[in-house]
Protein chains: 2
Amino acid sequence: MSEDCCDNTNTPPTCCDMRGLLSFSILWLLTKRDMYGQEIADELAQRRGTRPNPGTLYPALAELEKRGHVETRKEGRKKIYRLTEQGRESARVSCEYFCRAYGEIFQEHGSEQKAKVVQ
Amino acid sequence: MSEDCCDNTNTPPTCCDMRGLLSFSILWLLTKRDMYGQEIADELAQRRGTRPNPGTLYPALAELEKRGHVETRKEGRKKIYRLTEQGRESARVSCEYFCRAYGEIFQEHGSEQKAKVVQ
DNA sequence: GACATGTTATCGGGTATCCAATAATAAGGT
DNA sequence: ACCTTATTATTGGATACCCGATAACATGTC
């Protein structure tokens, strides 16, 4: 998780508000693998540069479960979240929307991004 | 603007909340060219599938101006918004943050996206 | 002046996300 | 049993964004 190159924390800009897309980000993360709450918080922290507080994260997870996008099982003290079939479809649909909405931004800055990763 | 292939309106998903990033999106749009309010609303509508209401858009623009990211001039009844130097730098910084935070999503779905555009 | 139109702007109310702080629960070590 | 720790969860308050509706303003037409 932090072996590859740099465990850089992507610090958010101060110039404008970058909030939003929390439940979308969670859906997307869970397409990778099942996770428990703290793992989800870790992954979000790594990407967004800020770790969601419990008071933000758990209500979002509860809402996703209530709407049938995720289901949970208990393992020790951990509660493991997993996409339902519906949740997987939701993730697919919302990822496509996201790409259509914001794709241009990446086509401009994506090259720099890749250069950094490879280098 | 609507000549190329399809003036598709990118309909947002119902499964999760896609709100947010309004002021960021505005900053990014204004790197392309100066625009007045309704133009900005049009561009946002095209990409996000929903047109921001005046009650959303104008306070956001006022805030960006107050913080020194944009400046305005009047042309007829139109008020034209233009990035300041600081605003241009802010756009750059926040775009880079955005790409680091969400780039992975595009690397997965970007190919489908391009295929659609080319086809 | 009177009127329609295009554009900017404000108002009131709702939701998701943000935070800090604290509580509740469950497991492991002694 | 007791303590520590990891994890889940709740509370209360703030902010940006969302909407529909309405107002204010500037321009052009008659």
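Nothing here was measured: the structure is a model prediction, and the numbers come from that model. Per chain, numbering begins at 1; letters A, B, ... match sequence-line order.
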A.B. asks: Which residues satisfy the side chain to side chain donor-acceptor pair (under 3.5 Å) test with B:Arg77, sequence neighbours excluded?
C.D. replies: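 If we apply the side chain to side chain donor-acceptor pair (under 3.5 Å) test to B:Arg77, skipping adjacent residues, there are no hits.
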A.B. asks: Tell me, please, which residues at least two apart from B:Thr84 pass side chain to side chain contact (heavy atoms under 4.5 Å, CB included).
C.D. replies: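 In terms of side chain to side chain contact (heavy atoms under 4.5 Å, CB included), with neighbours along the sequence ignored, B:Thr84 is linked to B:Glu71, B:Gln86.
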A.B. asks: Let me know the distance between NZ of B:Lys79 and P of D:dA26, rounded to the nearest Å.
C.D. replies: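 It is 12 Å, rounded to the nearest whole Å.
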A.B. asks: By the rule that ILVMFWY residues connect when side-chain heavy atoms come within less than 4.5 angstrom, directly or transitively, which residues belong alongside B:Ile80?
C.D. replies: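 For the cluster that includes B:Ile80, the remaining residues are B:Tyr36.
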A.B. asks: Test: salt bridge (charged side-chain N to carboxylate O under 4.0 Å, His left out). Region: residues 49-59 of chain A. Which pairs qualify, not counting sequence neighbours?
C.D. replies: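 For residues 49-59 of chain A, and leaving out neighbouring residues, the salt bridge (charged side-chain N to carboxylate O under 4.0 Å, His left out) pairs sorted by first residue read A:Asp42-A:Arg51.
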A.B. asks: A:Tyr102: which residues meet the ring pair (Phe, Tyr, Trp, His ring centres under 6.0 Å) condition with it, sequence neighbours left out?
C.D. replies: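 Expected list: A:Phe98, B:Phe98.
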A.B. asks: Assign each of B:Tyr81 and A:Glu75 to its nearest nucleotide of DNA chain C by heavy atoms, then name whichever residue's nucleotide is nearer the 5' end.
C.D. replies: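 Final value for this comparison: B:Tyr81.
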A.B. asks: Quick one: side chain to side chain contact (heavy atoms under 4.5 Å, CB included) partners of B:Thr31, sequence neighbours excluded?
C.D. replies: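 Applying side chain to side chain contact (heavy atoms under 4.5 Å, CB included) to B:Thr31 gives B:Trp28, B:Leu83, B:Arg88, B:Ala91.
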A.B. asks: Atom pairs, N/O to N/O, protein against nucleotides 16-18 of chain D, distance under 3.5 Å?
C.D. replies:
unit_1	atom_1	unit_2	atom_2	d
D:dA16	O4'	A:Asp17	OD2	3.4
D:dA16	O4'	A:Arg19	NH2	2.5
D:dC17	OP1	B:Ser23	N	3.2
D:dC17	OP1	B:Ser23	OG	3.1
D:dC18	OP1	B:Arg48	NH1	3.1

A.B. asks: Take atom CG of A:Leu57 and atom C1' of D:dT10, then tell me their distance rounded to the nearest Å.
C.D. replies: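 These atoms are roughly 13 Å apart.
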A.B. asks: Can you pull the contact range of chain A along DNA chain C, 5' to 3', using atoms under 4.0 angstrom from its heavy atoms?
C.D. replies: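 Terminal contacting nucleotides, 5' to 3': C:dA16 to C:dA27.
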A.B. asks: What I'd like to find out is whether the side chain of A:Pro12 reaches to under 4.5 Å of the side chain of A:Arg48, using heavy atoms alone.
C.D. replies: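 Not touching, per the 4.5 Å side-chain cut-off.
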A.B. asks: With sequence neighbours left out, write down each residue that passes side chain to side chain contact (heavy atoms under 4.5 Å, CB included) with B:Lys79, or none if nothing qualifies.
C.D. replies: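 Counting only residues at least two positions away or on another chain, B:Lys79 forms a side chain to side chain contact (heavy atoms under 4.5 Å, CB included) with B:Glu65, B:Thr72, B:Lys74, B:Tyr81.
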A.B. asks: Please give, in whole Å, the distance from D:dA6 P to A:Ile80 CD1?
C.D. replies: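 From A:Ile80 CD1 to D:dA6 P: 18 Å.
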A.B. asks: Output all residues satisfying side chain to side chain donor-acceptor pair (under 3.5 Å) with A:Glu85, sequence neighbours left out; order by chain, then residue number.
C.D. replies: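 Not a single residue meets the side chain to side chain donor-acceptor pair (under 3.5 Å) criterion with A:Glu85.
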A.B. asks: Heavy-atom distance under 4.5 Å between the side chains of B:Arg33 and B:Glu39, does that happen here?
C.D. replies: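 Yes, side chains in contact.
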A.B. asks: Using whole Å, report how far OH of A:Tyr58 lies from P of D:dT7.
C.D. replies: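 Those two atoms, OH and P, are 9 Å apart.
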A.B. asks: With sequence neighbours excluded, what pairs up with A:Arg19 under the salt bridge (charged side-chain N to carboxylate O under 4.0 Å, His left out) test?
C.D. replies: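 Scan of A:Arg19 (salt bridge (charged side-chain N to carboxylate O under 4.0 Å, His left out), adjacent residues dropped) gives A:Asp17.
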A.B. asks: Under 3.5 Å, which protein N or O atoms sit close to an N or O of nucleotides 28-30 of chain D? Give each pair with its distance.
C.D. replies:
none

A.B. asks: Both B:Lys78 and B:Pro59 contact DNA chain C. Which one's nearest nucleotide lies toward the 5' end?
C.D. replies: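 Nearer the 5' end of the strand: B:Lys78.
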A.B. asks: So, OP1 or OP2 of D:dT8: does either fall under 4.0 Å of a side-chain N or O from A:Gln38?
C.D. replies: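 Yes, within the criterion.
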